[in-house]
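Since the structure is predicted, the reported quantities are computational estimates derived from the model, not experimental observations.
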Protein chains: 2
Amino acid sequence: MNECSFIFVPGMRIRDTHKETLVRKNAISILLRDGLDGFSMQKLAKACGISVGTLYIYYKNKEDLIVRLGIEEGKRMLQETMKGFSPDMPFAEGLKKQWENRSAYWLKNQEAAKFYEKIKRTHYAGPIQDEITKSFRPVMQAFVKNAIANKQLHFMSFESYWSVAFGPLYTLLEFENKGKSVGNRPYKFSKKTMYETLELVLKALTP
Amino acid sequence: MNECSFIFVPGMRIRDTHKETLVRKNAISILLRDGLDGFSMQKLAKACGISVGTLYIYYKNKEDLIVRLGIEEGKRMLQETMKGFSPDMPFAEGLKKQWENRSAYWLKNQEAAKFYEKIKRTHYAGPIQDEITKSFRPVMQAFVKNAIANKQLHFMSFESYWSVAFGPLYTLLEFENKGKSVGNRPYKFSKKTMYETLELVLKALTP
DNA sequence: CAAATATAAATGAACATTCATTCATTTACA
DNA sequence: TGTAAATGAATGAATGTTCATTTATATTTG
């Protein structure tokens, strides 16, 4: 059942891999500019300067295209979030690492991050989350388990923990995303606000 | 410039106000079922059992329809969130009230709440947020100001405060929304988790 | 009271676009 | 030269919106 296997055949024309990046970048920027209901295959093909038919060589259909881009970007983001992180780390240190990684990625890859956050709230989210989850759930669970065992984290329900540990960060990054916070206050994400907030979160979670 | 003013004219046929509810309910359920890109005016008209043309009597166009429904639901939700709340309340009490109101509304009006959360993340969000903001910004600002003045809340940036005060609640409600939390863990919102989380938040924010 | 009237509500067929998707054909390369 | 990549015109369904027409009703008139 390996979709990637292939039989070598002489004379096979090589697929233009540069084109995959082209499609991804244009798809993301159209989706952000025009929204999900302003996105179409013909618009995408035109933006890429390729034929509509070509899109159907790379992707089974529109849904497949959106879902696969979502999975790709989600994995990329989580990969970056986990850089230099290990579930054996002391709790405060590990959480800090994740906050730093996540926000650094967000600021460096604004389009990709906005795209992922947007697509997560559509009806395409299901298969995307399923795929992402598979890869990262074990690491995150181990981290919490260790922290509680080592008395670096209060005993509490997993959802309570997660919502306090990451809810505030996501809220700040959403503000950054819009450029505005609550009440349309102009907002620019800064390390200062981030560390200020992280400190509060650690105060809440740690003994 | 009052759009609502009208000149009384004999023989005016009365608009069927029941129909406005019909349109709103169907629009919301189509949007939740089929997503923004699965929503269309003809589909909506058919679901309501009325003519497409009628929709264009009530709403200028599709965007106007979505935006106005968003504003309506957003205002309704915030109205409920503020029930029995006053910016003069002691901080912990006021925050608790808002958490309770918001979650109660969410559980009682699941469709409306899901709709609002979804539409907030689309390109229709701008004008919706602008309108909502106007009504509730002053109250929320006064609450924080009072709390800091009375030393019931640490001095901190507004964004830091907001993200910690409400980020975790929104995260829990999103879990409830999906029926799953992180890593596809099945999740059902309960007052127990809510109060457990609120306690952590208060620990973070109050001296 | 009942018929006529005036008005806006409501209709739905019709419009030009745009949509997702297909496929016979052409192109480029190992 | 054989192969898969790439094309793009074509398809039929669906899109947002319009508008000439019909319907319902509050008021006026007889």
### Task
For DNA chain C, determine which residues of residues 53-62 of chain B have any heavy atom closer than 4.0 angstrom to one of its atoms, and list them numerically.
B:G53, B:T54, B:I57, B:Y58
### Task
Identify, with sequence neighbours excluded, every residue that meets side-chain hydrogen bond (donor to acceptor under 3.5 Å, both in side chains) alongside A:T193.
A:S190
### Summary
Taken in chain and number order and not counting sequence neighbours, the residues that satisfy side-chain hydrogen bond (donor to acceptor under 3.5 Å, both in side chains) with A:K191 are none
### Query
With B:F91, which of B:I148, B:V144, B:L202 fulfils side-chain contact (heavy atoms from CB on, under 4.5 Å)?
B:L202
### Query
Among residues 26-37 of chain A, which residues get a heavy atom nearer than 4.0 Å to DNA chain C?
none
Dump every N/O contact between nucleotides 12-14 of chain D and the protein below 3.5 Å, one line per pair.
none

### Query
Given atom CE of A:M41 and atom P of D:dT15, what is their separation to the nearest angstrom?
17 Å
### Message
For a 4.5 angstrom cut-off between non-hydrogen side-chain atoms, does B:I119 reach B:V67?
### Response
no
### Task
Check side chain to side chain contact (heavy atoms under 4.5 Å, CB included) between A:A47 and all other residues, then give those that pass, not counting sequence neighbours.
A:N26, A:I30
Could you list the donor-acceptor pairs under 3.5 angstrom formed by side chains in residues 82-89 of chain A, with sequence neighbours left out?
from: A:K83; atom 1: NZ; to: A:E80; atom 2: OE2; distance (Å): 3.1
from: A:S86; atom 1: OG; to: A:D88; atom 2: N; distance (Å): 3.0

#### Entry: Residue pairs passing the ring pair (Phe, Tyr, Trp, His ring centres under 6.0 Å) test where at least one lies in residues 24-48 of chain B, sequence neighbours excluded
none
### Task
Kindly indicate whether the side chain of A:D37, heavy atoms from C-beta on, has any atom under 4.5 Å from the side chain of B:Y124.
yes
### Message
Can you confirm whether more than 12 heavy atoms, excluding those of A:K178, are under 6.0 Å from its NZ atom?
### Response
yes
### Residues forming a side-chain hydrogen bond (donor to acceptor under 3.5 Å, both in side chains) with A:K60, sequence neighbours excluded
none
## Note on the structure
Residues of residues 42-49 of chain A with a heavy atom under 4.0 Å from any atom of DNA chain D, listed by number, are none
Distance-only check: which donor-acceptor pairs under 3.5 Å involve side-chain atoms of residues 153-171 of chain B, not counting sequence neighbours?
from: B:H154; atom 1: ND1; to: B:L205; atom 2: O; distance (Å): 3.1
from: B:S157; atom 1: OG; to: A:E196; atom 2: OE1; distance (Å): 3.3
from: B:S157; atom 1: OG; to: B:S160; atom 2: N; distance (Å): 3.1
from: B:E159; atom 1: OE2; to: A:S181; atom 2: OG; distance (Å): 2.6
from: B:E159; atom 1: OE2; to: A:R185; atom 2: NE; distance (Å): 3.0
from: B:S160; atom 1: OG; to: A:T197; atom 2: OG1; distance (Å): 2.7
from: B:S163; atom 1: OG; to: B:E159; atom 2: O; distance (Å): 3.2
from: B:S163; atom 1: OG; to: B:S160; atom 2: O; distance (Å): 3.0
from: B:Y170; atom 1: OH; to: B:R102; atom 2: NH1; distance (Å): 3.4
from: B:T171; atom 1: OG1; to: B:G167; atom 2: O; distance (Å): 2.7

### Message
Restricting to side-chain hydrogen bond (donor to acceptor under 3.5 Å, both in side chains), what partner residues turn up for A:Q98, sequence neighbours left out?
### Response
none
